[in-house]
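Heads up: the structure comes next, in structure tokens.
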Amino acid sequence: MIAIEPIQMVDLKTQYHRLKSDIDEAIQQCLHQGDYINGHYVREFQQDLAHFLRVSRVVTCANGTDALQLALMGLGLKPGDEVIVPAFSYVATAEVIALLGLTPVWADVDPLTFNLTADQVERVITPRTKAVIPVHLFGQCVDMTPLLNLAKSNGLAVVEDTAQALGSEYRLSDGNLQAAGTLGDIGCTSFFPSKNLGCYGDGGALFTNQEALGERLRMIANHGQRQKYVHELVGVNSRLDTLQAAILTVKLKHLKEFSQQRQQAAARYDQGLQNIPGLQIPTQATYSTHVYHQYTLKVAAGLRDGLKAHLSKHGVPSMVYYPIPLHQQPAYQSSRYPKNSFPIAEALCQEVLSLPMHTELNSDVQGLICSLIGDYMTQQIKSA
Ligand SMILES: *Cc1c(COP(=O)(O)O)cnc(C)c1O
């Protein structure tokens, strides 16, 4: 009898079995050396990632949310300072702003790429704005050149949230590619297991090309000390475990191949879904490569939840990233932001649907998913 594996949003188990001998060996090395905190692999991984991203400094930390918090601490922002973030994103980006006593200010996004744009950011800049956090959502870069110009002319720091786009590259006006997370002042990322470069627990990192800032970030992540027991800054304890660094050192060598596997899976979905009525397949921007952290459809008004239920009934998982815009979350809503404050973000929350996406997808499974979607949408639109 053939055991049929259920279809999953993300398949980390199969990927592990493909890399098992190298990963097991790296883990064993840490155990044999009794190397648990700030060990050999942490230094090696920081160097390897700096080389991969072509950036001068990488500082690892405990998770992606900490990376964002450390970045804002490193910039020395003060309570009351405003930081602009997309209204359509994961909550972590906004959370750390509020935690530090800063004020999150939302901006609407582009309806095709789902990303922040310079035009939308410009509308919400005030004299108190000190920084902007572009989130490279779902695996492709925000259009950074206009945003960096806007930030420069308004004296804003730029912190890139690269948690979903590690390995993606931005196309500069001269045609050269530059890694996501290395264009602004600081880039932040997460190594949460389901991210494109994931470890087997929590992990995160910051990157910068500014040496003094890099040193400050390293100190803040380590209780504000440069020298043991001399605390020059108020810091936190945010470390990447040596075991996780060992796993990441192995997996980083495969990140290019992982991105290609995701791109191939996305191309198969595009092929299978492009002519289905009532669907919009992901838009690939000209200024960025796409590493498909998510493959996210836009579904015609009112049909999204029905499509999700139809897929689920046939054993196909799908997810709504994200169902509620940040300005309407209970913890963040305020009378400053009535309904329709950010119409694009609000509409996207009703329309988006992310399909299974990972490095182990095959054309049989994707063919099944596409035909289920085709059947449902064609029938719904015919009967409307
Ligand atoms: C995952 C994620 C984070 C947070 O990362 P953690 O490691 O889970 O703290 C932040 N921003 C975005 C956009 C993310 O997707």
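We count ligands from 1, going down the list as the structure has it; atoms in each ligand are counted the same way.
- Considering backbone and side-chain N/O atoms, S89 never comes within less than 3.5 Å of an N/O atom of ligand 1.
- Annotation: Q164 places an N or O atom under 3.5 Å from an N or O atom of ligand 1; distance criterion only.
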Hey, mind stepping through Y376 and T378 against side chain to side chain contact (heavy atoms under 4.5 Å, CB included) and telling me if it holds? CA-CA 6 Å; Y376 181 83; T378 312; over 6 Å; no
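- Residue Y322 places no N or O, backbone or side chain, under 3.5 Å from any N or O of ligand 1.
- Judged by distance alone, the side chain of D22 and the main-chain N or O of L19 form no donor-acceptor pair under 3.5 Å.
- Between T189 and A163, the shortest heavy-atom distance links the atoms OG1-CA, 3.5 Å.
- A donor and an acceptor atom, one from each side chain of N196 and Y292, are nowhere located under 3.5 Å apart.
- Remark: minimum distance from atom 9 (O) of ligand 1 to any protein heavy atom is reached at T65 OG1, 2.5 Å.
- In this structure, E211 and S56 approach most closely via the heavy-atom pair OE2-OG, 3.7 Å.
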Mind running side chain to side chain contact (heavy atoms under 4.5 Å, CB included) on Q140 and Q164 for me, showing each step along the way? CA-CA 8 Å; Q140 82 182 328; Q164 301 189 3; over 6 Å; no
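- Among all non-hydrogen protein atoms, the one lying nearest atom 11 (N) of ligand 1 is D161 OD2, 2.7 Å.
- Under 4.0 angstrom from ligand 1, the non-hydrogen atoms of V135 all belong to its side chain.
- On a distance-only criterion, L68 and ligand 1 share no N/O pair closer than 3.5 Å.
- Of all protein heavy atoms, the one lying nearest to atom 14 (C) of ligand 1 is K195 NZ, 3.0 Å.
- The closest approach between any non-hydrogen atom of H136 and ligand 1 is not below 4.0 Å.
- Contacts between N63 and ligand 1, counted as non-hydrogen atom pairs separated by less than 4.0 Å, involve both the backbone and the side chain.
- Applying the side-chain hydrogen bond (donor to acceptor under 3.5 Å, both in side chains) test to every pair with at least one member in residues 361-370, sequence neighbours left out, gives these pairs: R268-Q366.
- In this model, no donor atom of one side chain and acceptor atom of the other lie less than 3.5 Å apart for K13 and Q8.
- Checked against a 3.5 angstrom limit, the closest N/O atoms of S190 and ligand 1 fall inside it.
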